[in-house]
Protein chains: 2
Amino acid sequence: MTTTALKARKEFGKTLASDIAHRLRNEIVTCQLKPNESLKFDALRLSFGASFTTLREALTLLAAEGLVVAEEQRGYKVAPVTLEDLHDLTHARILIEVDLMRRSIEKGDDDWEIRVISSLHRLARIEERAPEDYASNTEWKAAHRQFHEALVSASGSPTLLAVRNSLFDRAERYRNLSAMFRPHPRDKAGEHRALMQAAIGRNADQACNLIASHIQTTSNNVAKYASGVISAG
Amino acid sequence: MTTTALKARKEFGKTLASDIAHRLRNEIVTCQLKPNESLKFDALRLSFGASFTTLREALTLLAAEGLVVAEEQRGYKVAPVTLEDLHDLTHARILIEVDLMRRSIEKGDDDWEIRVISSLHRLARIEERAPEDYASNTEWKAAHRQFHEALVSASGSPTLLAVRNSLFDRAERYRNLSAMFRPHPRDKAGEHRALMQAAIGRNADQACNLIASHIQTTSNNVAKYASGVISAG
DNA sequence: ATGATACATATTTTCGAAAATATGTAAAAT
DNA sequence: ATTTTACATATTTTCGAAAATATGTATCAT
């Protein structure tokens, strides 16, 4: 009932465009906006309450991240999901995440160890509280993201970290898609704990192997359970 | 004198925004727009003849590529050049280019071999014609880019290729900067020929070593000759 | 019936003005 | 002299209308 209602529109960024990009990104990753769905300006204007220009800027940003594709003069649409894209994405993620992991383990200081341990702890607590299908839990997803982010956070490579974040979003969309059709979520708790132990124990080779197979296994499961809704590619 | 004058404005893309992004990218990479230079809308509007909105879209695109940085509510500026950034960039380029090279050699077909051989041939011809300081030659730069692009063009990884292209632009800016202060360009002809031979000969290990040291050596030279104009980082 | 052409509609793209925000300057207070 | 406040200016950000482009429909010729 106060003036916060107006300001509340800008939750995540200082500018309206970056805020809308954030909201759009979320809707695409969670598949509220479905793959291949065309993003018409009139419709977007209605649901996001912003002008053509502002929306256009947000879409440009998401196109650069690979969540949206732009067909010039023919508008924007949510990026399609294909098996080919999933494989491409998985390969890129493993390459980059393994490199970042190794360097993080080399360079990580006390604060890094604390970030890794505490983010895993938070993740475990959430899993305790909601043992059944935590994978569709928003809180779990945020904690999961933060744990993986913490692992590579000491790598000191802004360029690769930025790419990594973008790929993580694209992968999360596939995970969400798969979760819709999967009877039970795979139990990753053990894998996460092993990752933490290898990282903190400065066992770089083991940590890199673990993260690579963690990503690969997740991807294989996505391909298995979501193959029905994923285009042939 | 015909109506082409109007259409000529759009040389590179179908939309004006993508065309302006292309032109801006070129001016930044060639350092006509200097590192750290602030990109005021009024000034840009004058030199590019487009409206706020269109320019904003182009800048958003270049910010995603890392050639421009956006400070919210305080406009855009050309991305700074620092030794730290150069190192970060070099590391990322080696990681990605080596991976793409190996996969290109695995998968490359006859057409790939032809692309590699013919693009090297063109590069060599240009070097013959203009032996002195071809590095500042626009034609040479385009051919150089195409040769390196050809080498990795069979990798079949759209995601990593897109990142690679973006990193190549950022690196080229550093090369151009260094060229301004370097007495003679390093002779890369031998390295390029060796790269081609290793790739076509399907000697993946050797080709990967060559491309890694090619990138690293270039980066070291940039650091050496351009250190005066690069911020400490 | 089929394909081509012209027209009407839908949609994207671009523009310049208006609003919001930051920056700079001068007067007032301590 | 230094900080604070108020005001004026410069700059970015956002908007909705107008232009450009694509898509769909009906008409005509073959």
Side-chain angles (χ1 to χ4, degrees), chain A residues 2-25 28 33-34 36-64 67-80, chain B residues 2-25 28 33-34 36-64 67-80:
Chain A
T2 68
T3 55
T4 47
L6 204 146
K7 301 237 170 184
R9 281 202 322 184
K10 294 192 192 179
E11 272 185 277
F12 302 110
K14 255 195 158 185
T15 69
L16 183 55
S18 67
D19 185 53
I20 286 183
H22 195 287
R23 289 201 278 159
L24 254 171
R25 185 185 297 115
I28 292 172
L33 288 170
K34 299 199 182 69
N36 267 310
E37 186 172 340
S38 85
L39 299 165
K40 299 244 168 62
F41 281 96
D42 281 335
L44 292 175
R45 214 147 73 96
L46 211 64
S47 48
F48 288 95
S51 71
F52 297 107
T53 308
T54 308
L55 287 164
R56 183 160 251 277
E57 189 182 327
L59 288 170
T60 302
L61 209 58
L62 294 175
L67 288 172
V68 154
V69 297
E71 293 171 289
E72 293 194 330
Q73 313 287 22
R74 303 210 288 129
Y76 295 84
K77 67 172 185 178
V78 180
Chain B
T2 68
T3 54
T4 47
L6 205 147
K7 301 236 171 185
R9 281 202 322 184
K10 293 192 192 178
E11 272 185 277
F12 302 109
K14 254 194 158 186
T15 69
L16 182 56
S18 66
D19 184 54
I20 287 184
H22 195 287
R23 290 201 278 158
L24 253 171
R25 185 184 298 114
I28 292 172
L33 288 169
K34 297 199 184 69
N36 266 309
E37 186 172 339
S38 86
L39 298 165
K40 299 246 168 64
F41 281 96
D42 282 335
L44 292 174
R45 214 148 72 96
L46 212 64
S47 47
F48 288 95
S51 73
F52 297 107
T53 308
T54 308
L55 288 165
R56 184 160 250 277
E57 189 182 328
L59 288 170
T60 302
L61 208 57
L62 295 174
L67 287 173
V68 153
V69 297
E71 294 170 290
E72 292 194 329
Q73 313 287 22
R74 304 210 287 130
Y76 295 83
K77 67 173 184 177
V78 179

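Numbers restart at 1 for each chain; the letters A, B, ... are given by sequence-line order, proteins then strands.
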Nucleotide of [options] approaching [X] most closely (side-chain heavy atoms):
X       : options                : value
A:Ser51 : D:dT13, D:dT14, C:dC15 : D:dT14
A:Phe52 : C:dT13, C:dT21, C:dC15 : C:dT13
B:Thr15 : D:dG16, C:dT13, D:dT13 : C:dT13
A:Lys40 : C:dT14, C:dT12, D:dC15 : C:dT12

From [atom1] of [X] over to [atom2] of [N], roughly how many Å is that when rounded to an integer?
X       : N      : atom1 : atom2 : answer
A:Leu16 : D:dG16 : CG    : P     : 11 Å
A:Asp19 : C:dT21 : CG    : P     : 13 Å
A:Arg45 : C:dT13 : CZ    : C1'   : 14 Å
A:Phe41 : D:dA20 : CZ    : C1'   : 14 Å
B:Leu55 : C:dG16 : CG    : C1'   : 13 Å
B:Leu59 : D:dT11 : CG    : C1'   : 14 Å
A:Tyr76 : D:dA22 : OH    : C1'   : 16 Å
A:Asp42 : D:dG16 : CG    : P     : 13 Å

Q: Map A:Thr53 and A:Gly75 onto DNA chain C by nearest heavy atom, then report which one ends up closer to the 5' terminus.
A: A:Gly75
Taking only N and O in the side chain of [X], is any of them less than 4.0 Å away from OP1 or OP2 of [N]?
X       : N      : result
B:Thr54 : C:dC15 : yes
A:Lys14 : C:dA22 : yes
A:Arg74 : C:dT11 : no

Q) Should A:Phe41 and A:Leu59 count as side-chain neighbours, where that means a heavy-atom distance under 4.5 Å? A) yes
Q. Of the options B:Thr60, B:Leu39, B:Leu24, which is the one that meets B:Val68 in a side chain to side chain contact (heavy atoms under 4.5 Å, CB included)?
A. B:Leu39
Can you give the donor-acceptor pairs under 3.5 Å from side chains of residues 50-58 of chain A to other protein atoms, not counting sequence neighbours?
from	atom 1	to	atom 2	distance (Å)
A:Ser51	OG	A:Thr54	OG1	3.3
A:Arg56	NH1	B:Glu57	OE1	2.6
A:Arg56	NH1	B:Glu57	OE2	2.8
A:Glu57	OE1	B:Arg56	NH1	2.6
A:Glu57	OE2	B:Arg56	NH1	2.9

Q.
Can you give me the bend angle of the helix from C:dA1-D:dT30 to C:dT30-D:dA1? Use the axis through the first five pairs and the one through the last five, nearest 10 degrees.
A. 10°
Q) Looking at residues at least two apart in the chain, or sitting in another chain, which of them share a side chain to side chain donor-acceptor pair (under 3.5 Å) with B:Glu72? A) A:Ser18
**Q.** Sequence-distant partners of A:Ala64, side chain to side chain contact (heavy atoms under 4.5 Å, CB included), two or more places apart
**A.** B:Ala64
Q | Listed once per pair and sorted, the salt bridge (charged side-chain N to carboxylate O under 4.0 Å, His left out) pairs that draw on residues 41-52 of chain B, sequence neighbours left out | A | none
(Q) For A:Arg74, give me all partners under salt bridge (Lys or Arg N to Asp or Glu O under 4.0 Å), at least two apart in sequence or on another chain. (A) A:Glu71
Q) Which part of the nucleic acid, if any, lies within contact of A:Glu57, taking any heavy atom under 4.0 Å across all strands shown: a base, the sugar-phosphate backbone alone, or nothing? A) nothing
